[in-house]
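Just so it is clear, the structure is predicted and the values come from calculations on it, not from any experiment. Below, read A as the first sequence line, B as the second, and so on, with proteins coming before strands; counting in each chain starts at 1.
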2 protein chains.
Amino acid sequence: MKALVFDKRLKLVLDYPAPGLKENEALIRVKYAGVCATDIEITKGYMGFRGVPGHEFSGVVEACGIPGLIGKRVTGEINLSCGECDYCRRGLRTHCPERTVLGIFKKDGAFAEYLTLPVDNLHVLPDEVSDEEGVFVEPLAAAFEILSQIKVGKGTRAAVLGDGRLGLLTAEVLRLSGCSLTAIGRHEEKLAILKAIGIETAIVGEGMRGGFDIVVECTGRGEGLSTALDIVRPRGTIVLKTTVAERNSADLNRAVINEVTIIGSRCGPFKPAIAALKEKSVDVAPLVSRVFPLEEGIEAVSYASQNGVLKVLLKVE
Amino acid sequence: MKALVFDKRLKLVLDYPAPGLKENEALIRVKYAGVCATDIEITKGYMGFRGVPGHEFSGVVEACGIPGLIGKRVTGEINLSCGECDYCRRGLRTHCPERTVLGIFKKDGAFAEYLTLPVDNLHVLPDEVSDEEGVFVEPLAAAFEILSQIKVGKGTRAAVLGDGRLGLLTAEVLRLSGCSLTAIGRHEEKLAILKAIGIETAIVGEGMRGGFDIVVECTGRGEGLSTALDIVRPRGTIVLKTTVAERNSADLNRAVINEVTIIGSRCGPFKPAIAALKEKSVDVAPLVSRVFPLEEGIEAVSYASQNGVLKVLLKVE
């Protein structure tokens, strides 16, 4: 099959072996895949990954042990857990220490014609959710994870820091909680997407308002945590989404002095993400910057890493 | 009056002006003062402080507007808040942005014959609490702060990292919650104090058990957070007590991936601390390494900063 393969560098391979089907797995023909910041990091060596990157996708089930699933349009959860350890038994499958992760850790991913995933990981896409929208379920679920970790609602003064892909999705999701929301970023043109749907926006800088109860840090930058600490109130909460090589380490003293809570936040629940797309309470269409065919995947990843670009999709079939 | 004064360097001043009494303040004759890690940092320039350091004390009220208080043995809360801002009105006086802090920020402290504090900050010491023990109320309150921030109880697997002054006090306090507790440090002889009262102890290193629900980081060292992240379980909680100039900043990626909560923790409630000393549920006597007269304060601070030394007291009268 055709696949983008990372092995020291990213390359297009025309005869990469199609994945073999293990017990309880489904074979999925990929329709669209999304390029995520993690994919860009992987092409720089993150996680020491070798193989097919890509973990945001929509596709069609071509083979699996459950006949009713064949032919269904699906997306899938990316953590392949053991199902038997303490974490799996307590419902914390995304934290299974034995897990592999689609396109990120020891498991070939979605930048290819086919992928496999356990049937339990699959979610059928409703008719109202297009193939392109299906790619957004995984990052949207990561935004919904925040609502499962902290209380946000009417009266909460919340800020989202960062106007990249995850920042915009997170702002759209937090808005659903009815909180008083400000989206803070560096790019007028990206923030305009949020402004158009009635979200208050601000350019990061000295004029920023402070005193937020909750700040979600989605900047993808080393200085993001420092900015979050500038604008969170004492005893407030920072939700940390950014993983990055270098941060200002002394900033944590401010977290101690102001008794700030910092909560790490990663993968989230697919169901509310799919429901939000189905009900059109979240609009992801303005986030698509460009669609490339799989064969132009190397160019697509390079394009996605440019400043100002939002979501880049790979069209596989 | 006699006072230890920091102004570029620490010096003993024999004729330092006694503090003037403002409205609602009490004049307190200091009996004992404790040397804290923060005092040692102040003598290295921390907070840009100039004046009399010291914030852990016991003393006797010599003058104030409330006649019933005169002659009482007291200790006092160290944050002098404005009483009028949003934080003060919501009961978050320790986070008042206008606050000064006894012996730490714009307010002369306890390494002197006299100090002043607002009457509202004072707590009368019961007869069962000695002058020496009274010095421990403030750091003990900082340990009790943890119990007001997170749920700890039967079934909680908790670890205290660090066997310095605060680490030992924290372990004694966490034990009161009935949790399953391990105190982890570097010094057999300090951990022996906890072992003697039935607390499980371990030397930091490769053999450490992991999977703790809660880890309280009291190491005072840059690598403490990294060790805490090694032994906390996914979705567990780290209570961060250490303020330090340098930390490994990349470690926060592990907090994101494992969805760990990090809670900054500072000053705490005096009442449960005084009650614990009164009821003898916490024993601070083994923590006193040495008592110096105020006149030997420079030597005392130097001695307190040596490795292996626990609490150093200054006897003022």
For [X] against [Y], the heavy-atom pair lying closest together:
X       : Y       : value
K241(B) : V256(A) : O-CG1, 3.8 Å
N253(B) : T242(A) : OD1-O, 4.1 Å
R235(A) : T94(B)  : NH2-OG1, 4.0 Å
C267(A) : E259(B) : O-OE2, 3.8 Å

Pick from V260(B), T237(B), I257(B) with the largest number of heavy-atom pairs that fall under 4.5 Å of chain A: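 Top count of heavy-atom pairs under 4.5 Å with chain A: I257(B).
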
Which of P97(A), A255(A), S265(A) touches chain B most, by non-hydrogen pairs under 4.5 Å: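 Winner by heavy-atom pair count: S265(A).
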
I262(A) CD1 to L252(B) CG distance, which is reported to the nearest 0.5 Å: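 So the CD1 of I262(A) and the CG of L252(B) are separated by 6.5 Å.
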
Side chain, backbone, both or neither of L92(B) within contact of chain A (heavy atoms, under 4.5 Å):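 L92(B) touches chain A through side-chain heavy atoms alone.
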
